[in-house]
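In the text below, chain A, chain B and the rest are named by the order of the sequence lines, each starting its count at 1. Every value quoted in this text rests on a predicted model; they were computed, and no experiment measured them.
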Amino acid sequence: MRNWPLALSLAGLLPALVPWGGASASPAEKSTFAAHVAPLVQKYCVRCHGPKKAKAGVRLDRDRDEASALKDRALWEKVADIVRSGDMPPAGAKRPSPAELDSLNAWLDRVVLKVDCSGPRDPGRVTIRRLNRAEYNNTIRDLVGVDFRPAKDFPADDVGYGFDNIGDVLSLPPLLMEKYLDAAEQVVEKAWADPKARARLFPRPRKKPGDRRFVLDNLRTFATRAYRRPATDEEVKRLARLVRQAAENGDGFETGVKNALTAVLVSPHFLFRIEVDREPGNPRAVHPITDWELASRLSYFLWSSMPDEELFSLAREKKLRQPGVLEGQVRRMIKDPKAKALADNFAGQWLQTRGLAEFKPDPRQFPAFNDELRRDMQKETELFFLNVVREDRSILDFIDSDYTFVNERLARHYGLRGVKGNEFRKVSLAGTPRGGVLTQASVLAVTSNPTRTSPVKRGKFILDNILGTPPPPPPPDAGELKEGPELTGTLRQRMEQHRANPSCATCHARMDPLGFGFENFDAVGAWRTHEGKLPIDPSGVLPGGQSFKGPAGLRAILKKKQGQFAKCLTEKLLTYALGRGMERSDRCFIEEIARKAAKSDYRFSGLVIETVKSDPFQKRRGKGGKK
Amino acid sequence: MRNHLIIDRRTVLKGIGATVALPWLEAMVPGSVLGAEPKGKPPLRMAFLYVPNGKNMRHWTPKEEGKDFTFPKTLLPLKPYKDDLLVLTGLTCDKARPHGDGPGDHARAMSAFLTGCQAKKTHGADIRVGVSVDQFAAQKVGKSTRFPTLEVGCEGGRQAGNCDSGYSCAYSSSVSWRTPTTPVAKEVHPRLVFERLFGIKGKAGDVRKAKRDYYRHSILDHVLDDAKGLKAKLGAPDRRKLEEYLSGVREIEGRLARAEKADRVEVKEIGTTCPRPPGMPRNYEQHLRLMADMLVLAFQADLTRIATFVFANEGSNRSYRDVGVPEGHHDLSHHGGKNEKLAKIQQINEFHVKQLAYLLGRLRSVKEGAGTLLDSCMLVYGSGNSDGNRHNHDDLPVLLCGKAGGAFKAGWHVRYPKETPLTNLFVTMLDRFGVRVDKFGDSTGRLAGLEA
């Protein structure tokens with residue numbers, strides 16, 4: 001039973017969300033089960049999944065027509081996943097031709113994977129999320145009022161679905177628990193020594209000697225903010241016990257209070273973002289999350305931190321869902337300086353510019369690259385992203401724009417004149433080959449190898465992060481290149497010779513031309529016209545037949561695919577906002593959010609507002625079925 | 001209340017240097033709570049050192065079998081240690097193979113290396129592989145030292161993106177697995193390893209530390225109650241996450257309890273000093289060597305007897321320009337049979353082996369009982385990939401260093417029949433370690449030909 005658990009785990013992964021290979025209309029789209037699919041199954045699958053052998057307990061020979069296949073829909077969904085991930089047919093077995101694959105995929109899309117958006121909708125379920133490093137730092141900052149950044153020594157957070165804030169994926173190894181305890185003690189110790197911070201930890205003074213009430217009041221206030229919902233009487237009472245214990249041991253009142261505050265910061269109520277289901281075991285029990293939970297979802301989405309007083313009081317008064325309130329809050333929040341977190345944590349992972357820290361190009365080939373330039377590259381993308389957010393620009397600016405942000409060093413790197421000094425400023429890109437994020441040095445570098453560009457990585461980057469049509473992983477025997485005559489010429493020419501290998505050709509025909517369009521930018525994002533002595537050819541032809549002559553032409557093509565890009569960005573944003581991977585059932589929501597965002601000219605705020613108003617953001621349900 | 005202090009407090013407080021104690025020494029007072037070893041016989045230690053992306057096997061495997069083998073180019077730096085090591089050829093990590101799961105050999109290789117189990121192919125949710133041999137040993141016998149295990153490495157987890165063809169990044173950055181679903185994060189900062197081993201600051205002295213530990217207990221009890229109350233209200237996936245929290249809290253409580261006991265043991269000090277490591281080294285070789293130093297210290301002071309050390313994550317694309325290889329390692333490993341690339345891979349392999357030689361040298365420089373620290377070690381050095389181009393997982397590059405207290409012979413090149421599971425080696429090592437099992441992961445028996 002090896003294959004099917006795998007397929008199950010792949011079910012709901014994103015490749016299924018988009019039509020295979022883009023939206024080109026072809027005769028394959030009219031393929032039917034009886035005429036097209038059944039013969040392919042007979043030819044490629046039945047030897048192992050048929051009457052003689054039913055590997056992994058799977059037989060694919062039983063369905064005769066579409067109606068019977070639809071009764072087996074779960075089975076065919078698995079087939080779709082496993083074929084598209086490139087895992088079946090297995091290495092060494094006969095593989096379908098590209099045309100055969102097209103017709104199979106068209107049928108799968110049209111019949112099996114079609115999601116009915118008209119019935120009751122599943123908002124999905126988010127697993128409790130522990131604060132990741134960025135969230136921990138920011139939450140401590142906003143809770144205590146001092147930016148200690150205690151999480152800088154925490155182990156790296158686990159990444160899943162492209163982001164490091166996914167509840168299911170974030171683990172809590174014992175080493176981290178130890179660090180939480182150390183950090184909590186140090187935060188309390190340091191904050192206690194700082195009058196301003198101390199007032200936040202323990203705001204109310206003792207009114208008169210023997211006043212015990214004020215301890216309880218202070219603990220309640222702190223725990224309520226730290227837990228991001230009202231602390232219960234029982235919780236407050238138990239915390240007070242820690243205060244009493246120290247006093248009884250003769251260690252003083254302060255020690256006791258510090259112990260209680262430390263306990264709050266190590267409590268699962270603080271370290272995890274918890275949302276409670278009334279019926280945790282019932283997947284049909286769909287319900288809106290509480291206003292407190294909604295306030296936290298908003299603040300961690302847009303600020304990577306806890307809610308501020310305004311959000312807390314709206315939650316307390318249950319006003320968050322009143323007409324216009326959410327919209328107003330989103331607009332307020334994205335203008336707040338704390339929205340920089342969205343650039344650091346969302347854009348840094350969506351555009352993978354966090355990877356710049358690990359990028360080490362060969363200094364002999366790229367002597368101009370140093371840590372300052374590395375920081376500048378990162379800064380450009382951050383400022384560019386934040387400009388779209390704060391100026392509420394169209395998300396299409398990410399694909400193409402006539403401006404960017406540079407300082408003197410980066411301007412020189414780009415060959416732009418007239419920029420002096422270390423300060424970044426907005427500059428026009430009119431008349432230059434650059435525009436949008438794809439020609440920013442940060443993105444060009446993280447999609448390169450240390451010694452050369454990688455058109456494959458750049459092409460894959462666009463498929464993954466702009467078009468939302470990730471290619472399947474390479475077949476198991478990729479890399480085992482047949483020995484043959486030495487390949488010569490530019491990198492592009494050598495790659496094209498490679499692609500003569502038919503088992504690689506289908507996917508590389510999708511990836512490589514996109515990457516070739518950016519070959520005029522070297523591995524650190526500088527402009528070049530030659531590779532060694534040979535001229536660069538930045539033209540290309542996409543699988544659908546569209547051709548382009550260079551980066552500007554390619555951007556124009558991408559810009560026309562705005563609906564596809566909007567869906568891709570929505571899917572990334574929703575993944576990040578919810579902290580969970582997308583399921584097939586989320587497809588309806590993604591399409592709806594993107595469609596509505598189009599009506600506000602794809603303004604960034606419009607996309608965010610539609611995201612936070614969507615069911616997956618507003619609601620949740622219990623978990624049923626398997627444990 | 002506690003006047004007998006163990007070394008970590010007394011020393012690190014000095015700020016610059018640590019004096020390292022050897023708590024197992026014969027000087028240990030009778031009735032010691034640490035270690036059940038016979039008096040005067042040093043305890044065994046085991047460590048697993050992982051290097052990614054396979055090897056250039058042409059320059060790895062000695063031509064001759066048996067005692068009189070010539071060192072191939074890559075292994076030459078180990079020549080001075082010939083009498084402290086075995087070259088084991090022909091071992092297989094079958095669970096790193098696809099078995100129908102398609103691409104992802106890097107993720108599978110690393111996660112199967114010490115577990116002998118096949119990683120479940122998933123991007124994130126429901127990761128699962130198996131318990132690794134180091135953690136397994138620790139769960140059986142790890143209680144005798146302050147730290148059941150130590151996990152270090154020179155490359156942290158990936159920060160963004162996916163790692164290997166549909167596998168969670170956890171698989172290709174974790175060699176240690178506490179449970180089948182919980183990878184153990186490795187510490188990559190040498191200074192933090194040092195502070196974890198020997199404590200931090202605490203200038204006000206030990207009474208205060210004892211008091212802190214006392215209240216830590218109360219705080220942890222408090223949050224355990226929080227977690228238990230919460231658990232009842234949550235769904236199954238949430239409860240699993242909370243379970244990780246609970247086991248983290250319990251582990252700290254256990255350590256506090258062990259530390260209390262250890263405080264009652266008076267130990268003899270020796271004058272070894274080790275400077276407190278500065279910030280994160282920028283140079284990879286320094287980084288590896290500092291980590292090796294930390295490992296030696298931890299073994300020497302008997303703070304732990306089990307460790308893993310990840311030189312770099314599986315599939316790592318680090319460039320090795322200090323040894324004249326500016327290309328990315330993973331990129332190069334897909335060498336396509338090109339001699340130029342193979343030569344560079346060999347350079348990287350040799351660089352790593354030099355660092356192993358450094359570690360062996362450090363271990364051998366520490367006198368312990370009648371011999372050296374290296375004599376009581378069993379160190380496995382290897383990769384879950386053989387040839388990075390083919391991604392094959394048989395004929396793995398594996399070395400076994402140290403004499404395991406005299407139990408293992410040394411200075412041999414042993415060739416095993418094809419498909420001999422790597423886990424057979426682990427079963428044999430577990431025997432030596434006092435953990436009797438008949439099966440571990442995909443093992444089929446014990447590994448012959450190791451006994452002295």
Exercise for the section: Please flag which part of P363(A) lies under 4.5 Å from any non-hydrogen atom of chain B: side chain, backbone, both or neither. Expected result: both
Practice task
Against chain B, label R452(A) side chain, backbone, both or neither, depending on which of its atoms sit under 4.5 Å from a heavy atom there.
Solution key: side chain
Exercise for the section: Among the options N259(A), N449(A), L175(A), pick out the one with the most heavy-atom pairs lying under 4.5 Å from chain B. Expected result: N259(A)
Practice task
Tell me, for A246(A) versus chain B, whether the close heavy atoms (under 4.5 Å) come from the side chain, the backbone, both or neither.
Solution key: both
Practice task
Could you tell me whether E185(A) and R216(B) have a side-chain N and a carboxylate O separated by less than 4.0 Å?
Solution key: yes
Problem - Most contacts with chain B, counted as non-hydrogen pairs under 4.5 angstrom, among G256(A), A260(A), P155(A), S267(A) - result: S267(A)
Problem - Part of L242(A) lying under 4.5 Å from any heavy atom of chain B - result: side chain
Fill in the blank from the handout: The interface call for F359(A) against chain B, heavy-atom contacts under 4.5 Å, is neither
Handout entry: Any donor-acceptor pair under 3.5 Å from K241(B) side chain to L170(A) backbone
Key = yes
Practice task
Report the option among P183(B), G229(B), P326(B) that has the most heavy-atom pairs separated by less than 4.5 Å from atoms of chain A.
Solution key: P326(B)
Handout entry: Heavy-atom check, side chain of R239(B) versus side chain of P280(A), under 4.5 Å
Key = no
Problem - Point-to-point distance, once rounded to the nearest 0.5 Å, from CZ of R241(A) to OG of S218(B) - result: 12.0 Å
Practice task
Output yes when K179(A) and E187(B) qualify as a salt bridge under the 4.0 Å nitrogen-oxygen rule, no when they do not.
Solution key: yes
Completion exercise
Output for pair (K623(A) NZ, L234(B) CG), nearest 0.5 Å, gives 14.0 Å
Exercise for the section: Please state whether the side chain, the backbone, both or neither of V126(A) comes within less than 4.5 Å of a heavy atom of chain B. Expected result: backbone
Exercise for the section: Counting only heavy atoms closer than 4.5 Å, note whether R364(A) contacts chain B via side chain, backbone, both or neither. Expected result: side chain
Fill in the blank from the handout: Pair count under 4.5 Å, heavy atoms only, with chain B: among T255(A), I274(A), V276(A), highest is I274(A)
Completion exercise
The reported gap from OH in Y245(B) to CG in L176(A) (rounded to nearest 0.5 angstrom) is 11.0 Å
Problem - Reported CD-to-CE distance for the pair E253(B) and M177(A), which is rounded to 0.5 angstrom - result: 10.0 Å
Problem - Point-to-point distance, once rounded to the nearest 0.5 Å, from OG1 of T262(A) to OH of Y215(B) - result: 12.0 Å
Fill in the blank from the handout: Counting heavy-atom pairs under 4.5 Å with chain B, the top scorer among I166(A), D251(A), D464(A) is D251(A)
Handout entry: Structural part of R278(A) lying under 4.5 Å from a heavy atom of chain B
Key = neither
Exercise for the section: May I ask you to check whether E244(B) and S171(A) show a side-chain donor-acceptor distance below 3.5 Å? Expected result: no
Exercise for the section: In plain terms, say whether D238(B) and R129(A) are close enough for a salt bridge, that is, a side-chain N and a carboxylate O under 4.0 Å apart. Expected result: no
Problem - Sidechain-backbone polar pair: R318(B) side chain, K360(A) backbone, donor-acceptor under 3.5 Å - result: no
Completion exercise
Most contact-rich option vs chain B, by heavy-atom pairs under 4.5 angstrom, among P268(A), A357(A), A184(A), P450(A), is P268(A)
Exercise for the section: Mind ranking D225(B), T182(B), D221(B) by heavy-atom pairs under 4.5 Å with chain A and telling me who comes out on top? Expected result: D225(B)
Problem - Side-chain ion pair, R238(A) and D226(B), N-O less than 4.0 Å - result: yes
Completion exercise
One should read off an interatomic distance between I127(B) CD1 and D168(A) CG, to the nearest 0.5 angstrom, of 10.0 Å
Practice task
Can you tell which part of F366(A) gets under 4.5 Å to a heavy atom of chain B, answering side chain, backbone, both or neither?
Solution key: neither
Exercise for the section: Kindly indicate whether the side chain of S319(B), heavy atoms from C-beta on, has any atom under 4.5 Å from the side chain of D362(A). Expected result: no
Completion exercise
Heaviest contributor of heavy-atom pairs below 4.5 Å to chain A, chosen from L224(B), V184(B), L230(B), is L230(B)
